[in-house]
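Data first, discussion second: the structure below is written as structure tokens.
Sequence lines set the chain letters: A, B, ... in the order given, protein chains first and strands last, and positions in each chain run from 1. Predicted model, so just to flag it, every value in this text is computed and none were measured. Computed over heavy atoms, backbone and side chain alike; hydrogens, waters and symmetry mates excluded.
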Amino acid sequence: MRKFFGQIEEVFCALLLLIMAVVAFLNVCVRYFTNYSFAFTEEIEVAGLVYLTLFGAAAAFKRGLHLGIAFVKRRFSPKIQAGLTVFAAVLSLGLFLTIAYYSIIQIKDERLLGTTSEALQIPQWIYTMAIPIGIFFITVRILEYTWDSVKEGFRKDL
Amino acid sequence: AEYKSEYKMSIVVGPKGPWGEAAQKFADLVKERTGGRINIKCYFAGQLFAGKQTNEFLLLRQGVADFALASTINWSPQVPELNLFALPFFFDNYEQVDAVKNGEPGRILFEKIEEKGVIGLAWGENGFRELTNRVRPVEKPEDLAGLKVRVVGSPIFIDIFRALGANPINMNWGEAQTAFQQGTVDGQENPVNAVIIPYQLWQVHPYITIWHYAIDPLILGVSKKTWEGFTEEDRKIIAEAAQEACSWEVDRAREGLTGEMPALKILEQKGMKVTVLTPEQRQAFRAKTREVYEKWKATIGADLVEEAEKLLGR
Amino acid sequence: MEATLLLFGGLFLLLLLGVPIAVALGTMALLAMWKYELGIFVCSANFYSGIAKYPLLAVPFFILAGMILERSGVSARLVNLASLIVGGIPGGIAIVAVLVCVFFGGISGSGPADAAAIGAVLIPEMVRKGYSKAFAAAVIAAGGSTAIIVPPSIALILYGVITTTSIPALFAGGAIPGFLAGMSLIIPAYLVSRKRGYVGERRGSLREIGRAFREAFWGLLAPVVILGGIYGGIFTATEAAVVAVFYGLFVGMIVYRTLSLKDFYEILVQASLASAVVLLIVTLAGLYSWAGSTLGVMEKMASAILSISSSQITALILVNFLILIAGMFLDAISIYYVFLPILLPIVAHFNWDPLWFGIVMTLNLAIGQFTPPVAVNLYVTTNLASINLEETSVAVIPFVLAMTIALILVILFPSLSLMLPKILNLY
Ligand code: NA
Ligand code: NA
């Protein structure tokens, strides 16, 4: 169970990317053989891309995959390095939680106005929900990664 | 209330052309007549909302943008009633458009947007949307069969082209221009003065059909939050400046497209074959899109549509 | 002035402190939006629309296709074929590495992906044959960088998205310069190998070459399918990417039978994560660049550069120098978003061709991918060679010089970039 929760975003991303590839491929085939294209698949694919980015970003935070400059940081003692890791985590949380806060206002607006998507005419907020949901996972993973690496940093210091 | 040092105005298009120039004109008039108390800065090319045109209404309502000179197409996801102007083959001519904008339906529409936090000050115009393509002259619905047409990303337009037997494709304008060149997309629909002439579409499409299938009005609107901060006197100045800038804009947008339509001569000189539909020919298109009309009448609100039809004598 | 200092100074500081690039860009953007009242409310809408763009769908699909073809054994078979043909020359494996990198770059859209695919096969091999680890890591990082200029290319897709230049035209424009950049790397690879006495391999008999060719055939066909489809007008760049995915699955699961379902699941996860890292930078760098442009900071920087010199040549040198320096510290995508708003007014001022400029800038950024201290390709190859990135700082110099000469040629002769798009009637 814990193992599953540890990889929940990865499972979700793999499935989503597979579905996106299949849908896009079917669209190419249909268009090639029948000269007809589904306008709505583009909307689904693009919404999928937003979910893929947010969930994938969460998993990448867990594994520490996001690009950054390490050569200055590496010159410091493990304790200072741990401090810098915490600093980066605080900034990351501030950034993502701010975006999440405004996404909730945006979702409220979209629901109030009954904003609908362009091609499928479904409520827009269903797409926008990717942001708060994705950021929930990002938050969890940042905390997890920071906790682990700080623990390790202090162990090295002893 | 204290006035801001700068008010932001959102415009989807660039500063050149009637649309962009009218926005700047409005800003200049307001600044001049308020003695610099109200300083409006124009943010062109969708600068304020970074890409997603249909977010413009949200920004205005939240007061992120104070003013906007906006197309009704971009506001229709939040204000479905604005699809009135996109009903297929609804307006025959500019007189009918003016009657609706300036009459009861126009007033109701401004009421609808005000309920959602935006105050309408004046009506502008982007123009009737006409069809260009690279395959053949389009005179009857059958001529559209199987043509891949790039349409603006609004569901009613997709419905209309589907009903006419075409294959509508929604892609952004940048991509579309490449697609025209490569011939992977056969046609597009846009106003003559705003798009077809400035983008020199005769280079890719030898055929144009003047069919007035939908009109694209503009609204000069102000955020209710911003509006409430102005004094009575300044509101009056702003409203008048909006009227002035917009009526100037409408004249420019219609230039060469009324009466004998001399603008079409330019297109012919550039080698385009111009087809102007007769009322009978248009009737065939209208009949073919009847279902789309019925479906969207319900979305827009039957009362509003009927109110407009009364004015058109239908 | 104050806003300029905040945006650029703040970003530089955060980067040095080791804050992830995406987070540093996003944080500075939000700070500027809040401080200068740009309406911080739009941050979520802009975050969303920065990702929700149809051409960006090509990013996960090209990454996925590259990983599938690599894991199916296509890169190993290409290496085998190339070694039998040119391996006899001194420094044979190094030259093979560059050639296969350029060829695999015709499938992969990203430098690190290319370097990983070829490096995984060749770095252990080179080390075993007595090449220095630093040299092996350097030559493959440099070779891998050609992937962003040889079509298809994620970098060119982003340039197209930002500047609304036609993506198929950009792809065609990158073909000759990409080939040229690859060839330029062969010269230092050969010279260094000869000097250090890295001997060549056995040249294969015609029969062996024939067999290797048959084995590598499906891999050789991949770029034909991808690029042929785009230029045949059959599909768009995004569609080509998804066709490449299914072509790869066909090769891996049916032809070679080297790809298991479990492998495929792992590839799906890796491709998702790699795309997410790229797209998070795309959208947050987009927010940063939007805040800078809306504040007028970018325009001011542009006119500052123009005020230094009104001469076209000086401006061109200055601009390329700026990109080269930026490429030492930032990844290619962030550079597009941060610097294009500054550079485009200059491009317009001198009436430079935006397609040519895109190719020049991307080739320049390719060099940045293997110049320390920040070099995405070297991260990958030094990891494979288990050495420190800094240990390669000397080994990369000849390759940096060689590719800079290729860059100068592409700058001096615009037809190298413009000829093919014009012949194909894309531009
Ligand atoms: Na490539
Ligand atoms: Na670098």
Heavy-atom distance under 4.5 Å to chain A: side chain of C/Y54, backbone, both or neither?
both

Close side-chain approach of C/F61 to A/M20, heavy-atom, < 4.5 Å:
yes

Chain A heavy atoms under 4.5 Å from C/L389: which part of the residue, side chain, backbone, both or neither?
neither

Contact between A/L52 and C/P60 at the side-chain level, heavy atoms closer than 4.5 Å - yes or no?
yes

For the atom pair CD (C/Q270) and CD (A/E10), what is the distance rounded to the nearest 0.5 Å?
9.5 Å

Under 30°, 30 to 60°, or over 60°: which ring-plane class applies to C/F41 and A/Y102, parallel, tilted or perpendicular?
perpendicular

Report which part of C/E266 has an atom under 4.5 Å of a heavy atom belonging to chain A: side chain, backbone, both, or neither.
neither

Nearest 0.5 angstrom please: C/I63 CD1 to A/L17 CG, how far?
9.5 Å

Drop me the distance from A/C13's SG to C/L273's CG, to the nearest 0.5 angstrom.
6.5 Å

Distance from A/H66 atom NE2 to C/I281 atom CD1, nearest 0.5 Å?
8.5 Å

Please test A/Y101 against C/I40 for side-chain contact (heavy atoms from CB on, under 4.5 Å), starting from the C-alpha separation and ending with a verdict.
CA-CA 11 Å; A/Y101 172 78; C/I40 198 168; over 6 Å; no

Verdict with supporting geometry, C/Y48 and A/I131, side-chain contact (heavy atoms from CB on, under 4.5 Å):
CA-CA 8 Å; C/Y48 189 96; A/I131 298 180; 4.0 Å; yes

Would you please test C/F246 and A/V22 for side-chain contact (heavy atoms from CB on, under 4.5 Å) and show each step?
CA-CA 9 Å; C/F246 283 84; A/V22 170; 4.1 Å; yes

A side-chain contact here means heavy atoms from C-beta on lying under 4.5 Å apart; do A/V72 and C/L17 qualify?
no

Tell me, for C/F47 versus chain A, whether the close heavy atoms (under 4.5 Å) come from the side chain, the backbone, both or neither.
side chain

Heavy-atom contact with chain A under 4.5 Å, split by part of C/L30
side chain

Is there side-chain contact between A/F61 and C/V23, with heavy atoms separated by less than 4.5 Å?
yes

Below 4.5 Å from any heavy atom of chain A, which atoms of C/L284 appear? Answer side chain, backbone, both or neither.
side chain

Is it the side chain or the backbone of C/L31 that comes within 4.5 Å of chain A heavy atoms, both, or neither?
neither

Rounded to the nearest 0.5 Å, how far does CG of A/L15 lie from CG of C/L268?
8.5 Å

